[in-house]
Amino acid sequence: MALTPTLTLTLTLTLALALALALALADTPPMGEPPKYPDLDFGIHQFPGDALHKTLAHLREAGPVVETRFMNMPAYVITRYEPLLAAFRDGERFPPERIYQMMFEPICGRTFQTMTGRDHVIRRRLATPAFRANAVRKQDEDEIIALANELIDEFPSDGEVDFAQHFTQLFPFIIISRLLGIPRDAEREFHRWTQALLRFAEDHARALAANAELTTYLQPIVAARRAEPRNDIISDLVQAEVDGKRFTDDEVLSHVRLIFSAGAGTVHDAMGNLFYHLLLRPDLWGALKHNPSIRLGVVEELLRFETSVPVLPRTSAANPVEFEGTTIPPSSFVLFAIASANRDPDFFPDPHAFKLDRPPKPIMTTFGPGPRACPGMHLARKELALVLDVAVERLPNLKLLDPEAGRPVGAVMRGPEALPVGTG
Ligand code: HEM
């Protein structure tokens, strides 16, 4: 039979298709096994600047679940938006409390974050007012604005400063001390203790000593607020009552430590990322000066574009877990790649662009959608927006002096280590 042009084309296409399929199958791991990247460790590698987003884009293409490493152990990364939403809401296959029992219980003590079921729900409701989970009060807003001004007043007068060291790394710790109602003369000491607490993994002994000092300092304040409540977070914690339950003094102290451990580092990095990305885009900084009303859009887009918690570690359940065609072995590390879901092109068109006109939906995964959603999200947003207002007004000519030094680093917590800026 003579081959007509059409038949030749059909045969060629069929062969090409068969070849492509054979190649794809050769590349596809057996059912139940995800693509593997044993050289990537999200607990150890730094992923400076774009490296994180390029790596995540590659993994997202490879599959909804891929195997990498976390602290030298196998870890399963959930890369795409919809599977990640499902995983956040699935406490059976991915029980959230386990990782927090490992990471935070030694530092904070027992808090609702390390509990499960009804205990989590009741304690979380008891602590809700303290996290400003429903609304940030006017008095808190005034404190935020006042502190931003104070820190700027202390900048060296020669017009150059490390904005990370002198502003973003201090601000979230001091504001929490003020909202707690800690006397002003103790807040730098407080900063030192809470920093040491957060470095528990690096220096156990120092963290324990700091914790003892912190506890001794706080105990009489807790007793005083029980006797005579004021308008502050410790008073909220001692007065809260749900279903006839109240916090004991020990629980109040644990939840104070939790507010620092969950609410200071996250905001410090978020603030660093915000100023880095804005100053990298002088047009945007200029637009903010002329039109301050865009600042809420800027903060929202920053939280999508460069979150301070890009890869959230969990563990899987104690039995094998089937998820998106992958079998995850019992009690494995599972990494919730928030930064990857936030740039999933199927949900966020043109995902690598910083844009202010995105529709409000789909919601980003930055604050952990589901029963564990971040209770500090309103406070975090408010801190970022108000600090931005003050900085634009007080430091209109702020300039990044060394963009390379300011690149965000890290995967579990991500922000700039230094942010050298010119203020004049
Ligand atoms: C930009 C800043 C912040 C980011 C990116 C962030 C991110 C997150 C994420 C992703 C979760 C969910 C974790 C999970 O599903 O296991 C979470 C939970 C939590 N966050 Fe935040 N957070 C921020 C600020 C804050 C602040 C300011 C506070 C406190 C004042 C706070 C307190 C908490 C607490 C206590 C939880 C645990 C909730 C639970 O287990 O029920 N966060 N946060």
Side-chain angles (χ1 to χ4, degrees), residues 78 84-91 94-105 107-108 110-117 119-134 136 140 144 168 171-173 175-180 194 233 236-237 254-274 299-300 302-315 334-339 341-342 363-387 408 410 412-415:
I78 301 177
L84 188 61
L85 277 196
F88 262 119
R89 291 172 178 146
D90 190 338
F94 306 109
E97 67 281 358
R98 292 180 166 207
I99 193 90
Y100 296 123
Q101 286 161 1
M102 285 190 254
M103 280 168 53
F104 286 140
E105 217 161 88
I107 317 173
C108 298
R110 290 243 319 138
T111 66
F112 68 84
Q113 197 182 29
T114 67
M115 294 176 188
T116 178
D119 285 342
H120 170 255
V121 173
I122 297 264
R123 301 286 181 311
R124 190 179 149 115
R125 278 171 54 201
L126 274 172
T128 291
F131 288 91
R132 308 301 191 241
N134 298 330
V136 179
D140 300 344
I144 292 171
T168 60
F171 185 93
F173 286 90
I175 200 66
I176 291 178
S177 305
R178 292 201 181 167
L179 301 186
L180 281 170
T194 46
I233 286 184
D236 290 344
L237 287 169
S254 305
H255 285 84
V256 167
R257 293 187 204 102
L258 174 63
I259 294 179
F260 277 107
S261 62
T266 46
V267 174
H268 134 212
D269 280 328
M271 219 172 253
N273 294 340
L274 177 69
V299 168
E300 268 331 91
L302 181 279
L303 289 168
R304 179 197 72 85
F305 185 82
E306 190 81 274
T307 170
S308 52
V309 186
V311 173
L312 181 74
R314 277 272 203 280
T315 60
V334 176
L335 303 178
F336 284 10
I338 292 174
N342 282 351
I363 50 158
M364 60 197 174
T365 54
T366 300
F367 289 111
R372 296 267 163 174
C374 176
M377 68 172 98
H378 300 303
L379 179 59
R381 285 186 165 112
K382 196 57 100 181
E383 286 181 63
L384 295 171
L386 292 178
V387 155
V412 174
M413 289 296 295
R414 180 171 179 79

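Heavy-atom basis, side chains included; hydrogens, waters and symmetry copies ignored. Numbering of ligands and ligand atoms starts at 1, following listing order.
Close contacts between ligand 1 and Ala270 involve ligand atoms 1 (C) [criterion: under 4.0 Å to a heavy atom]. Within the listing of ligand 1, atoms 27 (C) sit less than 4.0 angstrom from a heavy atom of Val267. Taking every non-hydrogen atom of Arg124 and a distance limit under 4.0 Å, the qualifying atoms of ligand 1 come out as 38 (C), 39 (C), 41 (O). Residue Gln113 approaches ligand 1 through these ligand atoms, each under 4.0 Å from one of its heavy atoms: 37 (C), 40 (O). Ligand 1 places these atoms under 4.0 Å from at least one heavy atom of Arg372: 12 (C), 14 (C), 15 (O), 18 (C), 38 (C), 39 (C), 40 (O), 41 (O). Heavy-atom proximity to Phe88, at under 4.0 Å, picks out these atoms of ligand 1: 15 (O). Atoms of ligand 1 found under 4.0 Å from any heavy atom of Tyr100 (numbered from 1 in listed order, with element): 13 (C), 14 (C), 16 (O). Of all the atoms in ligand 1, the ones that sit under 4.0 Å from a non-hydrogen atom of His120 are 39 (C), 40 (O), 41 (O).
In Arg314, the part holding a heavy atom less than 4.0 Å from any atom of ligand 1 is the side chain. Neither the backbone nor the side chain of Leu384 comes within 4.0 Å of ligand 1, counting heavy atoms alone. No part of Ile176 comes within 4.0 Å of ligand 1, judged by heavy-atom distances.
Thr366 O, 3.7 Å is the protein heavy atom nearest to atom 7 (C) of ligand 1. The shortest contact between atom 5 (C) of ligand 1 and any protein heavy atom is with Ser308 OG, 3.7 Å. Protein heavy atom in closest approach to atom 29 (C) of ligand 1: Phe131 CD2, 3.4 Å.
Considering Ile259, Leu179, Val267 in turn, Leu179 is the only one that fulfils the side chain to side chain contact (heavy atoms under 4.5 Å, CB included) rule with Leu379.
Atoms OH and OG1, from Tyr100 and Thr315 in turn, are 10.5 Å apart once rounded to the nearest 0.5 Å. The CG atom of Leu274 lies 12.0 Å from the CZ atom of Phe305; values are rounded to the nearest 0.5 Å. With rounding to the nearest 0.5 Å, the separation of SG in Cys108 from CZ in Phe260 is 11.0 Å. Taken to the nearest 0.5 Å, the CZ atom of Arg304 stands 9.0 Å off from the OG1 atom of Thr366. Interatomic distance, NZ of Lys382 versus CG of Asp140, reported as 10.0 Å (0.5 Å rounding).
Contact check for Leu303 versus Arg381: side-chain heavy atoms found under the 4.5 Å cut-off. For the pair His120/Glu97, no side-chain contact is recorded, criterion being any heavy-atom separation below 4.5 Å from C-beta on.
Between Asp236 and Arg132 there is a salt bridge, since a side-chain N of the basic residue sits under 4.0 Å from a carboxylate O of the acidic one.
Between His255 and Phe112, the ring centre distance stays below 6.0 Å.
By the salt bridge (charged side-chain N to carboxylate O under 4.0 Å, His left out) test, Asp269 is found to be paired with no residue, residues two or more places apart in sequence or in another chain being considered.
No side-chain donor from either of Ser308 and Asn273 sits under 3.5 Å from a side-chain acceptor of the other.
For a distance threshold of 2.8 Å, the protein N, O or S atoms nearer than that to atom 21 (Fe) of ligand 1, listed by chain and number, are Cys374 SG.
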